[in-house]
K.L.:
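Input: one structure, supplied below.
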Protein chains: 2
Amino acid sequence: MDRALEFIEREGAGALTVRRLGAELGVDPTAFYRHFRDKDDLVLACMDRAEQWAVDALRDRLTAGDPWQDVLRAVADESWRIAGTYPAIYASAFARTTGGPGERRMVELLLTTIAGLGLDRPSTVLFYRAFADCLLSLCGANALVDQLGPEVEAKESSAWARVYAAPSAEYPATRAHVGELLSVTDRAIYDRVIEAMIQAMEAAATASG
Amino acid sequence: MDRALEFIEREGAGALTVRRLGAELGVDPTAFYRHFRDKDDLVLACMDRAEQWAVDALRDRLTAGDPWQDVLRAVADESWRIAGTYPAIYASAFARTTGGPGERRMVELLLTTIAGLGLDRPSTVLFYRAFADCLLSLCGANALVDQLGPEVEAKESSAWARVYAAPSAEYPATRAHVGELLSVTDRAIYDRVIEAMIQAMEAAATASG
DNA sequence: ACCTGAACACCGTTCAAGT
DNA sequence: ACCTGAACACCGTTCAAGT
């Protein structure tokens, strides 16, 4: 599994196939099925390991007195980093539940942090899931595009060009914002969402406290 | 393309292959390449058509005087509906840009709505992208799981069970919220995110106006 | 202008057989 | 306990040939 992760990171893109993994390890491709039930299991195991690394990194980064907002920002930042490092894994597992130790520790960290706001239990869980699903889904969407390779990236930017070239008469708002649409970054969008979620939690905590 | 969409909706899941599409249309699979450059082009074309339907449905649903908050809620609701109807398409295209008329009209609708708050152009665009990317990514994540079929669904719930069965001593917050974690719905999470984004826009509009 | 059919270079996975 | 190798049932895509 470690070699699988290392391999994926090095070869990137669509390198994660049972056959290529076998070739990399100098072993018959079908030997894989001695160690994992199927490819899906490997992907989930890699995802869980990546989450463990994220939690470990967070433990080093955080100290007990940190405000909860900064804890959430750090989790978001670490998720972004992991998704950028292992796009192939993240792209195929971000919508899934691994049920492994990495995920359990991450759930506990987020739930502890958000429970600290003193909301009722249903609101705490709803905010936890809303926050976590935003992180995973937005990082996953970026990983999906990363993972598809340069020819798709070219296609993406030509598609945006087509959107921006829309005639002014029919699409005035689009044309009025072309400059900003072209310069906005994925990371800025991500941070905007994170801050909106934090603001919503602050508002809920104030209202209930 | 219409037949492709119809076919996908009927057969669901992993039915979208060039070969099965050929069989469905009673034609050699490779005839497909006379009409689309590759499979990716078909998927993007279907996605754009789905977006057109969404915009058409929104036109019927909305009237000129609707508050901007309700417009955004209606867009979110329509996106959820489309993603649930065509999970195969949504799952493979939600992170992509089609550059087609459906997307152009959707961009224009959202940008017009958010520009109405009177924020500066960079903030307007950042909120538009943050809102749109949340919709697409969250709906996409749900579509991905839908699309994987019942055996993966079973795996998902057994994975959750493993998370919830975490020992209380190590994972106290998780154990304290098991009931709520089990009962929260994906739609409630989605709505929580949408409301957070709307709240953030309201706060920004108030601060700037 | 459109369709066909053989072919290429891949996938994940199984199962009987080897050491 | 682990690996091998043939085989199965698929993919997307190309290209020369047909009508």
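Naming: A, B, ... by sequence-line order, numbering from 1 per chain. Since the structure is predicted, the reported quantities are computational estimates derived from the model, not experimental observations.
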K.L.:
For B:F36 and C:dC2, what is the distance between atoms CZ and C1' respectively, to the nearest whole Å?
P.N.:
15 Å
K.L.:
Donor-acceptor pair, distance only, cut-off 3.5 Å: does the side chain of B:D48 make one with the backbone of B:E103?
P.N.:
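It does hold such a pair.
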K.L.:
B:L21 CG to D:dC11 C1': how many Å, rounded?
P.N.:
14 Å
K.L.:
Go through the structure and list residues passing ring pair (Phe, Tyr, Trp, His ring centres under 6.0 Å) with A:Y171, not counting sequence neighbours.
P.N.:
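If we apply the ring pair (Phe, Tyr, Trp, His ring centres under 6.0 Å) test to A:Y171, skipping adjacent residues, there are no hits.
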K.L.:
What's the separation between atom CE in B:M47 and atom CZ in B:F94, rounded to the nearest 0.5 Å?
P.N.:
9.0 Å
K.L.:
Would you say CZ of B:R121 has more than 12 non-hydrogen atoms from neighbouring residues, nucleotides or ligands within 6.0 angstrom?
P.N.:
no
K.L.:
How does protein contact run along nucleotides 13-19 of chain D, one letter per nucleotide 5' to 3', with B for base contact, S for sugar-phosphate only, - for none, heavy atoms under 4.0 Å?
P.N.:
BB-----
K.L.:
Tell me the interatomic distance from B:R20, atom CZ, to D:dC10, atom P, rounded to whole angstroms.
P.N.:
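Computing the B:R20:CZ to D:dC10:P distance gives 9 Å.
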K.L.:
When rounded to the nearest Å, what value does the distance between C1' atoms of C:dA9 and D:dC10 take?
P.N.:
13 Å
K.L.:
As a check on the pairing definition, encode DNA chain C in dot-bracket form, counting Watson-Crick and G-U wobble pairs whose two distances are under 3.5 Å, and using | for partners outside this strand.
P.N.:
||.|||||...|||||.||
K.L.:
Is a side-chain donor or acceptor of A:R192 paired with a backbone partner of B:Y128 at a separation under 3.5 angstrom?
P.N.:
no
K.L.:
Going through the checks in order, is the side chain to side chain contact (heavy atoms under 4.5 Å, CB included) test met by B:D77 and B:R187?
P.N.:
CA-CA 10 Å; B:D77 189 57; B:R187 181 58 200 243; 2.9 Å; yes
K.L.:
Ignoring hydrogens and geometry, is there a side-chain-to-backbone donor-acceptor pair from B:S157 to B:A154 under 3.5 Å?
P.N.:
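Flag set: sc B:S157 to bb B:A154 pair under 3.5 Å.
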K.L.:
Would you give the length of the straight line joining atom CG of B:L117 to atom CD of B:Q69, rounded to the nearest 0.5 angstrom?
P.N.:
8.0 Å
K.L.:
Hey, is the side chain of A:H35 poking within less than 4.0 Å of OP1 or OP2 on D:dC3, counting only N and O atoms?
P.N.:
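For A:H35, the contact criterion (side-chain N or O under 4.0 Å from OP1 or OP2 of D:dC3) is met.
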